[in-house]
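Worth knowing before you read on, the calculation uses all heavy atoms, side chains too, and leaves out hydrogens, waters and symmetry mates. Chain letters run A, B, ... following the sequence lines, proteins first, then strands; residues in each count from 1.
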There are 2 protein chains.
Amino acid sequence: MATKRRMGDPQSPTAQAILDGAERVLQSSGYGAITSRAIAEEAGIKHQLVYYYFQDIDDLLLAAFKRRMAQGIERLRENASADKPVRAMWENFTSAISATLEFEYMALANHHDGVRQEIVRFLTEARALEAAIIERAYREKGIDRPAISPNALAFLITYCSMSLVREKGIGCTVAHGEIEALFEQFLNTLE
Amino acid sequence: MATKRRMGDPQSPTAQAILDGAERVLQSSGYGAITSRAIAEEAGIKHQLVYYYFQDIDDLLLAAFKRRMAQGIERLRENASADKPVRAMWENFTSAISATLEFEYMALANHHDGVRQEIVRFLTEARALEAAIIERAYREKGIDRPAISPNALAFLITYCSMSLVREKGIGCTVAHGEIEALFEQFLNTLE
DNA sequence: GTCTATACACCGATAGAC
DNA sequence: GTCTATCGGTGTATAGAC
């Protein structure tokens with residue numbers, strides 16, 4: 001149910017600055033610290049202005065998440081047209097992803113149905129893009145009956161890279177070398 | 001820096017009830033909703049009593065997390081002496097784990113150094129236990145040069161199971177059948 | 001061991017002026 | 001589009017009585 005109060009365009013530069021501020025707070029202090037006042041301070045505006053551009057905090061968080069997921073899809077499309085697409089995808093996941101932010105959004109999704117639905121939407125679309133990239137690589141290498149199906153490999157690449165980044169982030173690297181070698185070996189068979 | 005106020009034993013039944021209450025709030029509403037009042041209501045006590053048993057909320061959260069990790073290690077030890085240890089471990093991870101709670105703690109760790117350190121401690125200990133279980137299975141099957149090292153397999157089992165549980169929890173099952181078949185096939189070679 | 005009372009700060013959200 | 005002002009609600013943490 002929308003409020004009756006007067007509101008501005010969520011695509012305006014100020015609204016985007018608010019989303020940037022929200023993600024900085026999310027990154028540095030977590031979703032528990034997301035308040036209109038904290039966001040406004042990060043964005044360099046008065047806190048009441050947040051409510052001119054967004055219905056409420058949940059609405060704002062959903063907008064920030066949607067924007068980020070759109071960027072993720074965009075990067076995947078770039079990977080698809082790279083020289084070595086599967087490797088580009090792997091390197092994208094192991095470098096460009098902020099595990100901190102990802103986990104904040106995941107925890108947020110536990111109790112924010114809009115974000116949860118958006119994650120499902122994103123996962124479905126991303127998995128399809130990833131599987132298409134892998135399928136083409138298999139085909140070009142003449143691999144007819146791969147031991148790991150494109151969908152399954154997409155799953156493995158997604159979550160192994162995320163877990164590696166995550167563990168590194170908290171200061172734990174047990175068995176990382178072995179996992180990285182495993183994927184390196186697999187990537188080589190596709191090039 | 002400890003407070004000067006008078007405090008009770010964190011091992012007492014009331015303190016344990018407070019920890020139970022905290023985990024229920026964590027599960028149902030997330031770490032952002034963790035307040036002394038919400039926890040007390042779940043535990044059926046007055047909110048001020050929380051501060052008789054714990055220094056502050058961060059201290060309480062760390063205690064709850066440590067207790068949970070100790071249970072995880074305990075279950076792993078049980079798996080080790082099961083009939084089919086690697087399968088027991090896999091089934092433990094895919095059934096007994098609450099992905100919701102896990103992700104709340106992970107996000108919490110982003111901004112709670114005590115929890116972060118405890119995760120590292122737990123991961124290190126758990127990974128060693130898991131690798132030992134796998135190594136023994138390899139040995140008993142006479143597999144001398146496994147394609148996937150014990151450490152690497154421990155990593156894969158941990159994060160693939162967690163990701164499967166997580167995705168199911170948010171309502172997404174793309175490629176799950178393929179991943180499950182892959183692990184099923186691998187488990188069979190060890191039995 | 002548990003209660004009442006209380007300080008002080010912060011937050012979400014809105015109304016209305018400029 | 002941005003500001004001032006403001007309301008009611010909720011949080012942490014402590015002191016002291018029972």
Side-chain angles (χ1 to χ4, degrees), chain A residues 1-26 28-64 104 108 111-115, chain B residues 1-26 28-64 104 108 111-115:
Chain A
M1 188 59 77
T3 52
K4 297 217 172 277
R5 114 185 79 94
R6 187 160 69 92
M7 292 190 54
D9 175 15
Q11 298 299 324
S12 76
T14 307
Q16 294 300 310
I18 291 174
L19 295 183
D20 293 341
E23 289 214 325
R24 280 200 297 275
V25 175
L26 218 46
S28 66
S29 313
Y31 80 77
I34 285 280
T35 68
S36 56
R37 285 165 164 91
I39 294 169
E41 187 169 19
E42 271 291 333
I45 57 162
K46 297 284 176 183
H47 63 92
Q48 299 94 329
L49 207 46
V50 167
Y51 293 94
Y52 175 65
Y53 289 103
F54 301 94
Q55 297 274 12
D56 50 38
I57 305 290
D58 274 1
D59 182 39
L60 187 162
L61 252 12
L62 181 57
E104 289 297 331
L108 185 61
H111 315 286
H112 187 311
D113 203 58
V115 171
Chain B
M1 187 60 76
T3 51
K4 296 216 172 276
R5 114 185 80 95
R6 188 161 69 93
M7 293 190 53
D9 175 15
Q11 299 299 324
S12 76
T14 307
Q16 295 300 309
I18 291 174
L19 295 184
D20 292 342
E23 289 214 327
R24 280 200 298 274
V25 174
L26 218 46
S28 66
S29 313
Y31 80 77
I34 285 281
T35 67
S36 55
R37 284 168 158 92
I39 293 169
E41 187 169 20
E42 271 292 331
I45 58 161
K46 298 285 176 181
H47 64 92
Q48 298 94 329
L49 207 46
V50 167
Y51 294 94
Y52 175 64
Y53 289 103
F54 300 95
Q55 296 275 11
D56 51 37
I57 305 290
D58 274 1
D59 182 39
L60 187 162
L61 252 11
L62 181 58
E104 289 297 332
L108 185 60
H111 314 288
H112 186 312
D113 203 58
V115 170

In whole Å, what is the span from the [atom1] atom of [X] to the [atom2] atom of [N]?
| X | N | atom1 | atom2 | answer |
| --- | --- | --- | --- | --- |
| Ile45(B) | dT4(C) | CD1 | C1' | 15 Å |
| Lys46(A) | dC3(D) | NZ | C1' | 8 Å |
| Leu49(B) | dC18(D) | CG | P | 18 Å |
| Arg37(A) | dT4(D) | CZ | P | 13 Å |
| Glu41(B) | dG11(D) | CD | C1' | 14 Å |
| Ile18(A) | dG12(C) | CD1 | P | 13 Å |
| His47(B) | dA5(C) | NE2 | P | 12 Å |
| Asp59(A) | dA13(C) | CG | P | 10 Å |

Return yes if the base of dG1(C) and the side-chain atoms of Arg6(B) contain a donor-acceptor N/O pair under 3.5 Å, otherwise no.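 Pair found.
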
Start with the C-alpha gap between Glu42(B) and Glu23(B), add the side-chain angles, then the distance that decides, and say whether side chain to side chain contact (heavy atoms under 4.5 Å, CB included) holds. CA-CA 10 Å; Glu42(B) 271 292 331; Glu23(B) 289 214 327; over 6 Å; no

Are Leu19(A) and Phe54(A) close enough, and set up right, to give a side chain to side chain contact (heavy atoms under 4.5 Å, CB included), and what steps lead you there? CA-CA 10 Å; Leu19(A) 295 183; Phe54(A) 301 94; 3.6 Å; yes

Considering heavy-atom distances to DNA chain D, does Ala38(B) or Arg5(B) have its closest nucleotide positioned more toward the 5' end?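 The answer here is Ala38(B).
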
Pick the closest DNA chain D nucleotide for Ser36(B) and for Lys4(B) by heavy atoms, then say which residue is nearer the 5' end.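 Mapping each residue to its closest nucleotide by heavy atoms, the 5'-most match is Ser36(B).
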
Between dA13(C), dT2(C), dG1(D), which one does the side chain of Gln48(A) approach most closely?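 Of dA13(C), dT2(C), dG1(D), dA13(C) is nearest to the side chain of Gln48(A).
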
Looking at the side chain of Thr35(B), which of dG1(D), dG11(D), dG12(C) is the nearest nucleotide?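 For Thr35(B), the side-chain atoms sit closest to dG11(D).
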
Does a side-chain N or O from [X] land closer than 4.0 Å to OP1 or OP2 of [N], or not?
| X | N | value |
| --- | --- | --- |
| Tyr51(A) | dT14(C) | no |
| Tyr53(A) | dT2(D) | yes |
| Thr14(B) | dT2(C) | yes |

Can you measure from CG (Asp59(B)) to NE2 (His112(B)) and round to the nearest 0.5 angstrom?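 The CG atom of Asp59(B) sits 8.0 Å away from the NE2 atom of His112(B).
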
Starting at CG of Asp56(A), measure out to OG of Ser36(A) and round the result to the nearest 0.5 Å.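 Here the interatomic distance stands at 11.0 Å.
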
Checking side chain to side chain contact (heavy atoms under 4.5 Å, CB included) for the pair Tyr31(A)/Leu61(A): CA distance, chi angles, key distance, verdict? CA-CA 9 Å; Tyr31(A) 80 77; Leu61(A) 252 12; 5.7 Å; no

Touch class at under 4.0 angstrom, heavy-atom based, for Ile57(B) against every strand present: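 The answer is sugar-phosphate, as Ile57(B) gets under 4.0 Å only of primed atoms, P, OP1 or OP2.
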
Which part of the nucleic acid does Ile39(A) contact within heavy-atom distance under 4.0 Å: base, sugar-phosphate only, or nothing?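 Here Ile39(A) touches no strand at all.
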
